[in-house]
Amino acid sequence: MKGGVFLKPAILIVGVYVFLKIVLPLFTAPLPASLIFLYLALTTTGIVIFATLSGPSTDAFFGPIVRFLTGEGQGGAAQGARIAVLLLFPVLVGWQTYTSTAPSDQPPAENRTIHPAPPGEYTGLSNPVPNTPENVMTGKGLYAAFCSPCHGGNFDGKGPASRGFNPPPANFSDPTTIAMLQESYLFWRIKKGGVGLPIEGMPWKSAMPRWEVELPDEWIWKIIMGEYDGAHQKPRTWE
Amino acid sequence: MMNQGDDPTGGTAGEQGRGAWLAGLLVFLALGVMPLVGLAQDVPAASATAYRDIPGLGSRNMVWVVAQLHLLLAGFVLGVPIFAWLCEIVGWKTGEKRYDKLAKEFTKLLTSSYATTALFGGILLFLLIGFYPKLMNYLADVFFPSFIVYCLLFLVETATLYLYWYGWDAMQDSKKGLHLFLGFLLNVFAFFIMIVPNSWATFQASPVVISEGTDLQRAWAATWNPTWWPVNIHRLIANVVLGGYICGAYAGIRYLSAKNEEEREHYDWMGYVGNFIGVFGLLPLPFAGYWLMREIYQYNQQMGITLMGGFLSWLFILQAMLIGVLFLGSNYYFWLGITHRIPGSEVKYRKPMMAMLIILLLCLGVWMTPHSLVASLEEARKMGGTHHPLLGVFGVMSAKMTVANLMILVTFMSFIMYWRAGKEETATWAKVARSLMGGVLGVAAIVVIVLGVWGYFVPAIVRINYFSVAQVLIVLFVMLTITPLTALLLRSAKTTTEMVWGKMPPRAGYALVLNAVMVILLMTLMGYARSSSRVHWHIYGVMRDSSQYAYSPALGYAAAFMSLNTFLFCMLVAFIFWVATMGDKAKANDAGGKGHGAQGTLPAMAGGAPALDERK
């Protein structure tokens with residue numbers, strides 16, 4: 001009956017959903033539900049905005065909905081459907097309330113902060129080791145010895161031991177990891193490791209070892225240089 | 001109070017005389033007080049009390065609410081004179097009376113909000129002195145000279161405002177120049193009134209403390225702290241945005257409750273102006289915000305990361321959402337303007353509007369995608385962490401800056417489209433000009449995107465110092481070429497369809513109100529971000545917060561306070577406006593008795609204007 005105006009929006013929403021839920025995961029990791037919900041909400045907003053741009057289009061879009069809900073001049077099947085909606089809606093709300101409050105064995109959603117703020121005493125540090133080819137080489141050597149089992153010989157986070165960890169070891173060649181950070185930040189992370197993270201970084205969730213006992217500071221600074229060089233990234237600086 | 005503006009104020013000469021006298025007194029006071037500043041040192045040390053509290057309510061909560069309300073009111077009070085004055089100039093230049101009337105209406109809202117702003121400032125000061133004696137003592141010690149300057153500024157601002165408002169009608173004709181000059185002064189003083197307290201607040205975040213030097217030197221050094229100017233600029237622009245959208249909302253509500261054609265036309269137009277001003281300010285705002293964040297990050301890595309990558313980074317996802325709604329709302333209003341004020345234009349503009357909408361939504365999708373995603377354990381395992389391998393790239397600044405620039409471009413084009421709608425360009429070179437504009441726009445969009453993608457492959461500093469700046473400059477370039485070109489084109493254009501005012505559907509009025517609420521929410525959100533980025537410091541790195549409130553509240557708790565503040569502010573503004581316009585209503589009712597055309601006298605809000613939803 002009034003399928004005409006709603007056909008395109010419905011196809012669009014279903015299409016977006018299918019794309020995000022089924023097509024995209026063919027090429028990359030599946031998207032979390034929160035993100036799919038976000039994109040669908042945006043799509044719906046767009047549909048409503050577009051439909052209400054002018055008087056006639058608003059009427060065409062909301063007219064049938066209003067008529068259906070108010071029961072204007074309806075009978076038979078439409079009337080039945082209206083009553084069904086009337087009954088189903090509270091049930092839906094009830095179901096939603098139930099599922100969101102009922103105890104379940106699923107752990108709650110996480111929002112682990114990947115790059116929490118470093119402690120104040122590290123923020124002003126700069127690398128004291130001169131950036132010479134020898135130092136970079138030494139750094140890479142130390143990296144190969146201590147870090148590559150997890151972070152990988154190619155600095156891509158795919159070392160032989162990496163598969164067992166969640167979250168996985170950081171991928172240094174990804175532009176959203178060390179390329180966004182200052183050297184002093186890395187110094188803190190390497191020295192204090194996962195357990196040294198503040199609470200929003202979920203210290204219990206990181207397998208990154210704390211290296212302050214094994215490695216002297218100078219080695220750590222050299223490793224940092226080797227790491228940036230090997231991953232073809234540059235640290236964040238201000239000049 | 002509300003009616004006085006309409007009475008002609010007698011004796012301009014006397015008014016002026018008094019003004020001059022007052023100004024002289026102030027200068028004298030300023031000179032007289034300055035030497036006293038040095039005496040501040042002799043004041044005995046503070047009492048031992050560091051904190052006071054009101055149990056149950058909590059000192060932090062109370063200061064939170066009062067400070068936020070004061071700031072919002074102040075933003076409004078400082079933003080409105082800027083465009084009231086601009087409107088007055090436009091009215092004076094073009095001779096169009098309605099601009100002068102509009103400017104006066106804005107100023108009326110201003111006078112009534114001014115006192116409330118000062119009142120909240122006073123309450124805030126008392127609360128601060130009472131709750132935080134130690135901190136206030138320290139700040140007074142550093143900033144005493146600027147306290148004095150602030151008081152003086154307030155005196156001259158108040159005097160100027162009264163002259164500007166009460167002298168409006170009296171200075172209408174021969175003295176218009178003087179009145180405009182008063183408006184100018186009003187804005188100059190207002191600007192300084194804003195930046196002086198900004199120095200106190202920014203000092204808390206990025207203090208510069210020097211131990212030697214005179215009091216004035218110390219105060220000056222503390223004032224010129226690294227985030228002072230970024231905050232000044234950001235707030236200045238944001239105040240214009242706030243003022244514009246609130247005036248828009250005011251017009252929207254008056255429009256919805258308008259009872260006759262004349263009112264509907266006037267408030268429809270006022271709503272348009274308000275929205276225009278809001279958008280106009282909104283366009284440069286992301287740039288200013290970016291600069292501010294950069295300065296903060298550079299000043300202190302810890303604070304920068306707390307805000308952008310740490311626990312406050314979620315605020316920026318909320319921010320993206322609010323800004324997104326604002327952009328959508330403003331564009332929606334432009335588009336509704338095209339389809340309703342320019343009869344018959346819908347068919348022509350439906351396609352472009354759809355394209356713009358899609359671009360806006362895509363950009364918004366990118367902007368709202370967080371770096372660390374909310375995911376269940378199961379989902380996180382599949383993604384390999386809370387960081388999606390593909391969409392994770394949307395989570396960082398390079399992407400955000402790019403889409404912000406694109407959204408600004410689209411919004412700008414919405415306006416240009418609105419401007420050109422209903423007109424036919426007749427110039428011989430119109431075709432060339434149009435393709436030139438299209439070319440500039442297309443190339444600019446592509447370059448912005450290319451720079452955004454390339455930004456991932458260069459060192460952070462190159463991206464921040466060159467690429468992001470280049471993106472901004474490109475967008476500015478587009479605006480600076482297309483605006484005059486369009487103006488030139490339209491000079492010779494012939495109007496095919498006259499704009500009709502007062503035909504907007506009720507949802508346009510609601511869109512205006514929604515925009516205002518979004519801006520207020522945005523300011524409460526960012527206000528929280530600004531003050532909580534200091535974490536457990538009163539003065540970052542200098543004075544620790546050792547009260548029982550030295551922790552960051554959970555985001556949900558903070559969000560509840562933001563909503564509360566927004567609500568309270570809306571109520572306050574509604575009350576102030578209601579009082580300010582009571583007189584007009586009474587008059588309108590008198591006139592309304594005589595009947596105003598066949599239109600129903602029920603306001604549109606109550607469904608009394610079916611004509612507004614008419615089918616074309």
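Letters A, B, ... mirror the listed sequences (proteins, then strands); counts begin at 1.
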**Student:** How far apart are the closest heavy atoms of B:Thr306 and A:Ala117, and which atoms are they?
**Tutor:** OG1-CB, 3.1 Å
**Student:** Is a donor from one side chain sitting under 3.5 angstrom from an acceptor on the other, for A:Thr52 and B:Tyr332?
**Tutor:**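 Checked: A:Thr52/B:Tyr332 side chains pair up, N/O donor to acceptor below 3.5 Å.
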**Student:** Identify the heavy atoms of A:Ala179 and B:Ala460 that sit nearest to each other, and give their distance.
**Tutor:**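 Shortest heavy-atom contact: O-CB, 3.8 Å.
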**Student:** Under 4.5 Å from any heavy atom of chain B, what part of A:Tyr185 do you find: side chain, backbone, both or neither?
**Tutor:** both
**Student:** Side chains of B:Ile464 and A:Arg236, heavy atoms from C-beta outward: is any pair under 4.5 Å?
**Tutor:** yes
**Student:** Taking C-beta and beyond as the side chain, do A:Leu35 and B:Pro370 meet within less than 4.5 Å on heavy atoms?
**Tutor:**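 Yes, close enough: below the 4.5 Å cut-off.
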**Student:** Answer yes or no: is there a donor N or O on one side and an acceptor on the other, between the side chain of B:Thr339 and the main chain of A:Leu53, under 3.5 Å?
**Tutor:** yes
**Student:** Please round to the nearest 0.5 Å and tell me the distance separating atom CZ of B:Phe311 and atom CD1 of A:Ile199.
**Tutor:**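 Taking CZ in B:Phe311 and CD1 in A:Ile199, the distance rounds to 12.5 Å.
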**Student:** For B:Gln302 and A:Pro118, indicate whether the former's side chain and the latter's backbone hold a donor-acceptor pair under 3.5 Å.
**Tutor:**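 Checked: pair present.
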**Student:** Could you grab the distance from atom CD1 of B:Ile461 to atom OG1 of A:Thr237, nearest 0.5 Å is fine?
**Tutor:**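 Nearest 0.5 Å value for the CD1-OG1 distance: 5.0 Å.
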**Student:** Pick whichever of B:Leu336, B:Leu307, B:Val393, B:Leu312 has the most heavy-atom pairs under 4.5 Å with chain A.
**Tutor:** B:Leu336
**Student:** Rounded to the nearest 0.5 Å, what separation is found between the CD1 atom of B:Ile305 and the CD atom of A:Gln182?
**Tutor:** 7.0 Å
**Student:** Taking everything shown except A:Phe37 itself, do over 12 heavy atoms lie less than 6.0 Å from its CZ?
**Tutor:**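 No, CZ of A:Phe37 has 12 or fewer neighbouring heavy atoms, counting only those of other groups under 6.0 Å.
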**Student:** Highest number of heavy-atom pairs under 4.5 Å with chain B: which of A:Thr58, A:Leu181, A:Asn171?
**Tutor:** A:Thr58
**Student:** Quick check on A:Leu38 against chain B: is it the side chain, the backbone, both or neither that has a heavy atom closer than 4.5 Å?
**Tutor:**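 For A:Leu38, the side chain is the part near chain B, not the backbone.
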**Student:** Among the options B:Met353, B:Arg463, B:Arg294, B:Met308, pick out the one with the most heavy-atom pairs lying under 4.5 Å from chain A.
**Tutor:**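 Most heavy-atom pairs under 4.5 Å with chain A: B:Arg294.
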**Student:** Would you compute the distance between atom CD of A:Gln233 and atom CZ of B:Phe457 and round it to the nearest 0.5 angstrom?
**Tutor:**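 The CD atom of A:Gln233 sits 9.5 Å away from the CZ atom of B:Phe457.
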**Student:** Give a yes or no on whether A:Lys191 atom NZ has more than 12 heavy-atom contacts from other residues, nucleotides or ligands under 6.0 Å away.
**Tutor:**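 Check passes, neighbour count above 12.
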**Student:** Based on non-hydrogen pairs under 4.5 Å, which of A:Pro119, A:Pro32, A:Pro116 is most in contact with chain B?
**Tutor:**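 Option with the greatest count: A:Pro32.
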**Student:** Under a 4.5 Å heavy-atom cutoff, which of B:Met321, B:Arg350, B:Met368, B:Met397 has the most pairs with chain A?
**Tutor:** B:Arg350
**Student:** Measuring only between side-chain heavy atoms, which start at C-beta, is A:Thr28 closer than 4.5 Å to B:His388?
**Tutor:** yes
**Student:** With a 4.5 angstrom heavy-atom cut-off, which part of B:Tyr297 approaches chain A: side chain, backbone, both or neither?
**Tutor:** both
**Student:** State, yes or no, whether a side-chain contact exists between B:Gln301 and A:Ser184 at a heavy-atom distance under 4.5 Å.
**Tutor:** yes
**Student:** At a 4.5 Å cut-off on heavy atoms, which part of A:Ala33 comes close to chain B: side chain, backbone, both, or neither?
**Tutor:** both
**Student:** Is the shortest side-chain heavy-atom distance between A:Pro56 and B:Glu346 below 4.5 Å?
**Tutor:**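 Yes; the side chains approach each other to less than 4.5 Å.
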**Student:** Which distance, rounded to the nearest 0.5 Å, do you find between the OG1 of B:Thr369 and the OH of A:Tyr39?
**Tutor:**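 Reported to 0.5 Å precision, the distance equals 2.5 Å.
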**Student:** With rounding to the nearest 0.5 Å, note down the distance linking OG in B:Ser313 to CD1 in A:Ile114.
**Tutor:**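 Rounded to the nearest 0.5 Å, the OG-CD1 separation comes out at 9.5 Å.
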**Student:** Just give me the residue among B:Ile338, B:Leu357, B:Val396, B:Leu328 that pairs up with chain A most often, heavy atom to heavy atom, under 4.5 Å.
**Tutor:**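 Greatest number of close heavy-atom pairs with chain A: B:Leu357.
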